[in-house]
2 protein chains.
Amino acid sequence: MMELTRKGEYAIRGIVYLAGKQTDKVCLLSDIAEAVNVPPTFLAKIFQQFSKIGLVKSYRGTGGGFMLGRPPEQITLLEVVEAVEGPILPNRCVAAPTDCERSCDCNVHPVWQRVQSEVRQVLGGVSLKDLAICK
Amino acid sequence: MMELTRKGEYAIRGIVYLAGKQTDKVCLLSDIAEAVNVPPTFLAKIFQQFSKIGLVKSYRGTGGGFMLGRPPEQITLLEVVEAVEGPILPNRCVAAPTDCERSCDCNVHPVWQRVQSEVRQVLGGVSLKDLAICK
DNA sequence: CCCTAAAAGGATATAAACAGTCTTTTTGGT
DNA sequence: ACCAAAAAGACTGTTTATATCCTTTTAGGG
Ligand code: SF4
Ligand code: SF4
């Protein structure tokens, strides 16, 4: 359980690759896709999402491409993952306790909150700078 | 992401209910299902899985039903969850590093291992005794 | 021995999510 | 004007989730 989807895995690979490049250099989507071994059309969708929320900057037309939206040390793995996979939610009741009428006296509920917190802490503690291969 | 499925949620509800009963009393599936608000046919499938690995004991025929396979303090939430949802695997490479040819010099890989470890620790630290409503 | 209660097992149905492709549009550079 | 590249949206095939039947097996009680 708790498996990252392909999309999530691809997203990380792609943006980590970007983080390994000079901050001011734009990269072609096709180059990134090839480098990280991801279907280009799929990676395009992912980077569109990134672009919308500013995680990456995109440039169209000739000489266009992508670069990081912020310095790599200011982007956490948590942000990247949540951008494409949605929030870390071990159980629906963590997001909306009112959904489950049992939540008031449920002893399991706090466990899921704790799981969420731990996972967020691990992922939030890692930046793209830590992850880029050539630091 | 990382969401528990209905099956997992139902499984926990069902077995936690059992844990709240006397250890030597068998409970009808239909009663459990009604008490925890789960479709009986679905819960049946779940308890069949539990039964196979000994998490619960089942008795057929008149006067049959289910009871815990072990004392509630000896069953962890981790066991219950993994029984129905499979192992905690934030990413496939955690189970099979050889699947990904990048795993040798991938800085993300150890992060997923850490996530797995943290989650397992949280879930493994909670027993059914802790979870049962009337202790 | 038969009847009934109850779980086990297997087959099926529906819907949602995942994984990816294709086509068209917009934008920027030359 | 033309070309290069990303954006946007529609579309498809596959797999997983969420169940619901139906039949079979097992056990107890009269
Ligand atoms: S029963 Fe408890 S753990 Fe399950 S959804 Fe409700 S509050 Fe959450
Ligand atoms: S690239 Fe790294 S994190 Fe992704 S699957 Fe391979 S080893 Fe795991």
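Reminder, nothing fancy here: chain letters follow the sequence lines and each chain counts from 1. It should be emphasised that the depicted structure is a prediction, and the values quoted were computed from it without experimental measurement.
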[X] near the nucleic acid: base, sugar-phosphate alone, or nothing, with a heavy-atom cut-off under 4.0 Å?
X: B/Thr5; answer: sugar-phosphate
X: B/Phe47; answer: nothing
X: B/Lys52; answer: sugar-phosphate

Rounded to whole angstrom units, what separation is found between the [atom1] atom of [X] and the [atom2] atom of [N]?
X: B/Phe42; N: D/dC21; atom1: CZ; atom2: P; answer: 14 Å
X: A/Ile46; N: D/dA6; atom1: CD1; atom2: C1'; answer: 15 Å
X: B/Met1; N: D/dT16; atom1: CE; atom2: P; answer: 17 Å
X: B/Lys57; N: D/dA27; atom1: NZ; atom2: P; answer: 15 Å
X: A/Lys7; N: C/dC18; atom1: NZ; atom2: P; answer: 8 Å
X: A/Gln49; N: C/dA19; atom1: CD; atom2: C1'; answer: 13 Å
X: B/Leu43; N: C/dA6; atom1: CG; atom2: P; answer: 15 Å
X: A/Met67; N: D/dA5; atom1: CE; atom2: C1'; answer: 16 Å

Let's see if you can work this out: which of [options] has an atom nearest to the side-chain heavy atoms of [X]?
X: A/Ser51; options: D/dT18, D/dA7, C/dG20; value: D/dA7
X: B/Arg60; options: D/dT25, D/dA6, D/dC21; value: D/dT25
X: A/Gln48; options: C/dA6, C/dA8, D/dA7; value: D/dA7
X: A/Phe66; options: D/dA7, D/dT25, D/dT20; value: D/dA7

So, is A/Tyr10 near the phosphate of C/dA19, with a side-chain N or O under 4.0 Å from OP1 or OP2?
no
Give a yes/no answer on whether the side chain of B/Arg6 brings an N or O atom under 4.0 Å of OP1 or OP2 in D/dA19.
yes
Approximate separation, where rounding is to 0.5 Å, of B/Leu89 CG and B/Gln113 CD
11.0 Å
Between CD of B/Glu9 and CH2 of A/Trp112, what distance do you get to the nearest 0.5 Å?
8.0 Å
Whichever of A/Gly8 and B/Cys27 has its nearest DNA chain C nucleotide further upstream toward 5'
B/Cys27
Does atom CD (B/Glu101) have a neighbourhood of more than 12 heavy atoms from anything else shown, all under 6.0 Å?
yes
Just wondering, are more than 12 heavy atoms of other shown residues or ligands nearer than 6.0 Å to CD in A/Glu34?
no
Comparing B/Tyr59 and A/Ser30 on DNA chain D - which has the more 5′ nearest nucleotide:
A/Ser30
Is a donor-acceptor contact shorter than 3.5 angstrom present between the side chain of A/Thr62 and the base of C/dG28?
yes
Below 3.5 Å, does any donor atom in the side chain of A/Lys45 face an acceptor in the base of C/dG20, or the other way round?
no
Between A/Val36 and A/Tyr10, does a side-chain contact (heavy atoms from CB on, under 4.5 Å) hold up when you go through it step by step?
CA-CA 8 Å; A/Val36 300; A/Tyr10 294 164; over 6 Å; no
Would a single hydrophobic cluster contain both A/Val16 and B/Met1, if residues Ile, Leu, Val, Met, Phe, Trp and Tyr are joined by side-chain heavy-atom contacts under 4.5 Å?
yes
